[in-house]
Amino acid sequence: MSQETCGSLPPLEVLVDAKNLDERFALTYEPETYRRVIAGKDVIIHCHHYNSRMQRTVESSGRVDGGMLIRSSAETVFAEQVAAVLRDDEDEPTRRAAAEGLYRHLGFGVLDFSKLEEGVITSPSSHYVEGWLARFGTREKSVCTFVEGFIQGAVYALTGKLVHAREQSCMAKGDSACVFHLDFDRDTPIEPNRKQKFEFEQQRDLKFVHSNNIDEQKIIDALVEMPIHGNDDGLIPAFSVYLANTPADYYNLLSIRFVEAMQAARRGSAARRMLVSDGESCAMNTFRGIMSSAEWDALVVPMVQEQRDKMYALVAISNGLGWGNWHILEDRGRQGITYASLNGYEALGYREYRGQADQPQCLMLTGVAAGLMELVYGQGTVAERQGTYLSTEKSCICHDSATCQFEVEQA
Ligand SMILES: [Zn+2]
Ligand SMILES: [Zn+2]
């Protein structure tokens with residue numbers, strides 16, 4: 001390259017910085033356990049259906065302050081994850097670019113921290129807004145509670161300052177951008193992400209059922225090779241849905257705290273049922289999207305010989321999404337199915353946060369277990385299929401067993 005042409009290119013250090021930042025968000029994938037790790041956190045791929053529904057469940061119970069639960073869980077987790085992509089010896093613009101880059105890479109949208117001192121954070125693109133609009137339509141209230149929590153954690157990681165972030169304008173209400181104001185008058189600390197190590201050996205001697213027609217490893221490899229990270233708008237449109245990489249810690253903290261808060265209001269069983277139902281609807285919506293996508297047509301359709309093959313393909317896909325490592329233990333066709341999950345994120349997370357439980361705790365996977373059967377064997381719309389299969393977590397790593405087992409029967 002000649003000296004003359006160099007003048008029109010960005011300075012070399014800018015290019016190096018961008019490359020440096022990307023390396024900090026690189027995905028580490030562990031084939032043994034199917035775990036996906038970004039910036040020190042296990043991340044789980046869920047779509048906007050699940051994220052919006054879970055938010056609505058937590059915020060709409062009326063018995064607990066759901067907004068506070070979402071913000072406090074997010075700030076605890078993202079204060080850590082943002083800190084993991086910052087370097088002490090870098091200047092402020094680079095550190096802010098790293099925090100913004102992580103947010104965009106995970107698929108949550110775009111955040112602009114350039115007016116942080118003035119107490120204003122802007123977001124021109126948002127996974128939670130896209131999700132809410134696609135699922136529930138416009139709303140009079142702001143929807144970006146999760147983003148408020150992310151900002152509170154990120155500002156703490158960037159500056160050491162405690163703030164409350166409150167959304168003033170939201171695209172879900174028809175505003176042109178989501179705008180968050182910072183209140184620096186806060187003295188309550190961010191709760192640390194306190195976990196105890198759970199010594200755990202994944203069980204290896206279970207005999208699973210497979211389909212000779214479905215090459216599960218090929219499906220998982222294809223998912224791992226897919227670039228599942230945010231585009232220029234920080235969004236991940238894929239499989240006809242919006243995906244996001246959310247730390248397992250966030251889902252676990254939020255669901256544990258929600259159930260506990262509801263238990264204190266004597267509504268614990270209802271809270272568990274709602275979270276199961278969110279998983280059930282998530283499975284049907286997400287996987288219905290997946291089954292009508294070009295990716296499914298290219299990769300899976302050529303393998304499918306009979307209806308049950310779809311179930312084996314869907315289980316392989318969910319394993320590729322980082323939900324854990326689960327397989328089919330007994331296949332009774334449309335009558336029912338038994339799955340075993342060897343290292344689900346809910347089970348391991350519960351153990352780390354709370355220790356041994358007095359009952360099974362894998363609520364999302366319990367719902368997904370039923371949702372997959374309803375999708376593969378059910379008829380009609382998602383609403384008509386919901387509840388046509390009943391799923392029970394018969395044993396759980398949190399409770400009394402080395403694996404989690406889910407039994408699903410026709411209702
Ligand atoms: Zn918003
Ligand atoms: Zn379990």
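Values below: every heavy atom of this structure, side chains too, minus hydrogens, waters and symmetry copies. Whatever order the structure lists ligands and atoms in, that order sets their numbers, starting from 1. Only a predicted model underlies this, so the values are computations on that prediction, with no experimental measurement involved.
Arg166 and Ser142 form no side-chain donor-acceptor contact under 3.5 Å, judged by distance and modelled atom types alone. In this structure, a donor-acceptor pair under 3.5 Å is present between the side chains of Ser211 and Asp309. No hydrogens or angles considered: nothing links the side chains of Asp249 and Tyr345 as a donor-acceptor pair under 3.5 Å. Remark: the Tyr353 side chain and the Asn193 side chain contain an N/O donor-acceptor pair separated by less than 3.5 Å. At a cut-off of 3.5 Å, with distance as the only test, a side-chain donor of Glu59 or Thr145 sits close to an acceptor on the other residue.
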Extract all donor-acceptor atom pairs below 3.5 Å that involve side chains of residues 402-411 and protein atoms in other chains or at least two apart in sequence.
residue, atom, partner, partner atom, Å
Thr403, OG1, Gln405, NE2, 3.4
Glu409, OE2, Arg332, NH2, 3.0

What donor-acceptor contacts under 3.5 angstrom involve side-chain atoms of residues 261-275, with partners at least two apart or in another chain?
residue, atom, partner, partner atom, Å
Arg272, NH1, Pro360, O, 3.1
Arg272, NH1, Gln361, OE1, 3.4
Arg272, NH2, Pro360, O, 2.9

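The main-chain N or O of Ile290 is never found under 3.5 Å from a side-chain atom of Glu295 such that the two would form a donor-acceptor pair.
Near-neighbour remark for the Zn ion (ligand 2): protein N, O or S atoms under 2.8 Å are Cys362 SG, Glu393 OE2, Cys396 SG, Cys404 SG; waters not counted. Counting only protein atoms, the N, O or S atoms lying less than 2.8 Å from the Zn ion (ligand 1) are Cys144 SG, Glu167 OE2, Cys170 SG, Cys178 SG, ordered by chain and residue number.
Closest heavy-atom contact between Ser318 and Trp326: OG-NE1, 2.8 Å.
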